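What follows is a short report on a single structure.
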Amino acid sequence: MRVIVALILSAFWATAMGADIKVLSAGAVEPGIAKLADQFRRETGNRVRIQFGTAPQLEKRLAGDEVADVLIAPPGLMEAQVRRNKVEADSRFIVGRVGVGVVVRAGATEPDIANLDRFKQSVLMADSIVYNQASTGLYLEKLFDLLGIGEQLKPKTTRYANGAQVLEHVIAGKGNEIGFAAITEIRLFEPKGLKFVGPLPAQVQNYTAYAAGVMTDAPTPDVAKEFVRFLGTPAAKAIFSSAGID
């Protein structure tokens, strides 16, 4: 009898204290997701433990069969996990999209990016440019080639694994240096010594969409589903918008 009572009390206290879920998420949506995880905890008592990474980093972790409750990733990676039966197909949806921004260190001369021609000239005149090896960087590499300046930029281009490393480089940089990163990431680093110049010109802006889905082997599936549903509420969309996620 005592054992049964102990088990009932244990279950009660586990419920009262809330559950923990693990989320693997793309870093570009960190400003919005971090705020929403905190809001979700306040409303439900359930804690959201988020581990951020680039799409290639997330893909590698998932290939190693890492266990998580929720995945937030670009559609390409999400669909690949659905095909592998790693994500529940009917649980996934697009939570928002993030554009690419131009950044310089605080106090540096801002490049003219008012239109495509001026943007192109500013990039050519820069002493150096910096961007990542993930979604943003892959797009920029193709863009510069399409603009016919890819080969000219290669000798003065520095690339890092993720946006945070790019922005840390720009903060500590010198000369006429231009950085590129997801707008959400730039906003996170602005107080640390960066100046957000603006988004890419409209003609060449690129948006990366991000989807959320419940992992098929989620250790806490009910709370995982609740959190994913929460990400689609009007209140969540408002928080995403304030963080630069359309």
Side-chain angles (χ1 to χ4, degrees), residues 23-33 50-64 66 68 71-81 96-105 111 113 119-120 122-124 126-190 192-194 196-201 204-211 244-245:
V23 176
L24 295 179
S25 175
V29 293
E30 180 176 354
I33 292 297
I50 313 171
Q51 296 182 16
F52 295 103
T54 63
Q57 289 168 341
L58 295 177
E59 184 175 26
K60 184 176 181 180
R61 294 173 68 169
L62 292 165
E66 182 166 342
L71 174 66
I72 301 172
L77 178 56
M78 182 65 71
E79 293 306 312
Q81 301 313 307
R97 62 179 191 170
V98 178
V100 179
V102 179
V103 65
V104 296
R105 70 185 179 283
I113 59 171
F119 168 77
K120 181 177 176 180
S122 292
V123 172
L124 286 170
D127 295 331
S128 59
I129 61 173
V130 193
Y131 53 89
N132 69 20
Q133 297 168 342
S135 301
T136 297
L138 294 173
Y139 171 72
L140 288 168
E141 188 174 31
K142 292 179 182 177
L143 172 62
F144 294 144
D145 284 340
L146 287 172
L147 293 177
I149 59 176
E151 289 302 317
Q152 292 170 266
L153 297 181
K154 281 183 180 179
K156 60 178 183 180
T157 297
T158 301
R159 300 184 69 172
Y160 289 95
N162 57 55
Q165 291 172 316
V166 169
L167 299 173
E168 288 166 357
H169 174 108
V170 175
I171 289 171
K174 60 182 179 180
N176 180 20
E177 185 169 67
I178 299 175
F180 299 89
I183 292 173
T184 49
E185 293 178 314
I186 293 173
R187 288 185 173 179
L188 275 179
F189 276 79
E190 269 195 289
K192 301 178 182 180
L194 290 179
F196 175 42
V197 181
L200 291 181
V204 294
Q205 178 58 278
N206 179 68
Y207 291 97
T208 300
Y210 293 92
I245 303 165

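Numbering starts at 1 and runs along the sequence shown. The structure presented is a predicted model; accordingly, all values stated were derived computationally and were not measured.
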Checklist entry - How far apart are the closest heavy atoms of F119 and P201, and which atoms are they? => result CB-CG, 3.7 Å
Checklist entry - Under 30°, 30 to 60°, or over 60°: which ring-plane class applies to Y160 and H169, parallel, tilted or perpendicular? => result tilted
Next on the checklist: When you measure from the side chain of R159 to the backbone of N132, do you find a donor-acceptor pair of N or O atoms at a distance under 3.5 Å?
Outcome noted: yes
Item to check | Residues V166, T158; criterion side-chain contact (heavy atoms from CB on, under 4.5 Å); working and verdict | outcome: CA-CA 9 Å; V166 169; T158 301; over 6 Å; no
Checklist entry - Between CD of E168 and NZ of K192, what distance do you get to the nearest 0.5 Å? => result 7.0 Å
Next on the checklist: For a quick test of reading the model, state the closest non-hydrogen atom pair linking I183 to V98 and the distance between them.
Outcome noted: N-CG1, 4.0 Å
Item to check | Side-chain touch F180/V123, heavy atoms, less than 4.5 angstrom | outcome: yes
Next on the checklist: Checking the side chain of K120 only, and the main-chain atoms of L147 only, is there a donor and an acceptor separated by less than 3.5 Å?
Outcome noted: yes
Checklist outcome for this item: When every non-hydrogen atom of Y210 is compared with those of A26, the smallest separation belongs to CE2-CB, 3.5 Å
Item to check | Charged N-O contact under 4.0 Å between K154 and E151 | outcome: yes
Item to check | Least distance between heavy atoms, S25 atom then I50 atom | outcome: CB-CG2, 3.9 Å
Item to check | Rounded distance (nearest 0.5 Å) linking atom CG of L124 with atom CD1 of I129 | outcome: 9.0 Å
Checklist entry - Hey, are the side chains of I72 and I33 touching, using non-hydrogen atoms and a 4.5 Å cut-off? => result yes
Next on the checklist: Measuring from atom OG1 of T157 to atom CZ of F144, what distance do you get when rounded to the nearest 0.5 angstrom?
Outcome noted: 7.0 Å
Next on the checklist: Determine whether a donor-acceptor pair (N or O, by modelled atom type, separation under 3.5 Å) exists between the side chain of T184 and the backbone of G244.
Outcome noted: no
Checklist entry - Quick one: does Q152's side chain have a donor or acceptor within less than 3.5 Å of a partner on I149's backbone? => result no
Checklist entry - After noting the C-alpha distance and the side-chain angles of Y139 and L200, does the key distance pass the side-chain contact (heavy atoms from CB on, under 4.5 Å) rule? => result CA-CA 12 Å; Y139 171 72; L200 291 181; 4.0 Å; yes
Checklist entry - Nearest heavy-atom pair of M78 and A73: which atoms, and what distance? => result CE-N, 4.2 Å
Checklist entry - If every non-hydrogen atom of E66 is compared with every non-hydrogen atom of L24, which pair is closest and at what distance? => result OE2-CD2, 3.9 Å
Checklist entry - Taking L167 as the fixed residue, which of N162, I186, V130 is the one that meets the side chain to side chain contact (heavy atoms under 4.5 Å, CB included) rule? => result I186
Checklist entry - Out of curiosity, R97 CZ to N206 CG, how far, rounded to the nearest 0.5 Å? => result 10.0 Å
Next on the checklist: Using 0.5 Å steps for rounding, measure from the CD1 atom of I178 to the OG atom of S128.
Outcome noted: 8.5 Å
Item to check | E177 (side chain) donor-acceptor with A126 (main chain) under 3.5 angstrom | outcome: no
Checklist entry - Between CG of D145 and CG of L140, what distance do you get to the nearest 0.5 Å? => result 11.0 Å
